[in-house]
Q: 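Quick one: the structure is below, and I'll ask about it shortly.
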Amino acid sequence: MSVPMSPLSYLVFGLAFVGLGCWMALFNDPMMVRGLGALFLLIGVGMVAGCIWLRRLGVGWFQTWF
């Protein structure tokens, strides 16, 4: 079975989305931008959860197949 990115990539992109989402949700004034920040925050949390799930399945940090 193959996955599109390695768990390390999921972790890096997930943390980047979490950081961007927090910044957009907390420090931007228009409500639309805050909503987009919340969406980025959810995407980031999902990607970090995907990383944890793949690691628990035994996928190595740099593997894209298992």
Side-chain angles (χ1 to χ4, degrees):
M1 182 173 176
S2 144
V3 291
M5 295 187 300
S6 68
L8 183 64
S9 298
Y10 277 108
L11 181 65
V12 169
F13 283 116
L15 291 177
F17 272 112
V18 166
L20 181 64
C22 285
W23 178 77
M24 288 177 73
L26 293 175
F27 299 116
N28 284 306
D29 192 28
M31 287 304 291
M32 185 183 83
V33 176
R34 284 187 179 181
L36 191 62
L39 178 67
F40 281 175
L41 188 60
L42 286 174
I43 291 170
V45 168
M47 290 184 84
V48 171
C51 168
I52 293 169
W53 177 68
L54 287 172
R55 288 295 296 159
R56 288 181 60 96
L57 285 176
V59 179
W61 282 110
F62 301 105
Q63 281 182 328
T64 55
W65 52 269
F66 62 99

Q: Of all the heavy-atom pairs spanning Cys51 and Pro7, show the shortest one and how long it is.
A: SG-O, 3.3 Å
Q: With clusters defined by side-chain heavy atoms of hydrophobic residues (ILVMFWY) lying less than 4.5 Å apart, directly or transitively, does Leu54 cluster with Ile52?
A: no
Q: Could you grab the distance from atom CE of Met47 to atom CZ of Phe40, nearest 0.5 Å is fine?
A: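 Met47 atom CE to Phe40 atom CZ measures 12.0 Å (nearest 0.5 Å).
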Q: Going only through I, L, V, M, F, W and Y residues with side-chain contacts under 4.5 Å, is there a path from Val33 to Leu26?
A: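 Yes, it is one cluster - the side chains of Val33 and Leu26 are joined through contacts under 4.5 Å.
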Q: For Trp23, I'd like to know if atom CH2 has over 12 heavy atoms of other residues, nucleotides or ligands within 6.0 Å.
A: no
Q: Are Leu36 and Phe13 connected in the hydrophobic side-chain network, where two residues link if heavy atoms are under 4.5 Å apart?
A: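 Yes, Leu36 and Phe13 fall within the same hydrophobic cluster.
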Q: Would Met32 end up clustered with Phe17 when hydrophobic side chains under 4.5 Å apart are linked, directly or stepwise?
A: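 No: no chain of side-chain contacts under 4.5 Å links Met32 to Phe17.
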Q: As an exercise, state the distance from CZ of Arg34 to CG of Leu41, rounded to the nearest 0.5 Å.
A: 14.0 Å
Q: May I ask whether Leu15 and Met24 are part of the same hydrophobic cluster, defined by side-chain heavy atoms of I, L, V, M, F, W, Y residues being less than 4.5 angstrom apart, directly or through others?
A: no
Q: In Å, rounded to the nearest 0.5 Å, how long is the span from CD of Gln63 to CG of Leu8?
A: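 So the CD of Gln63 and the CG of Leu8 are separated by 12.5 Å.
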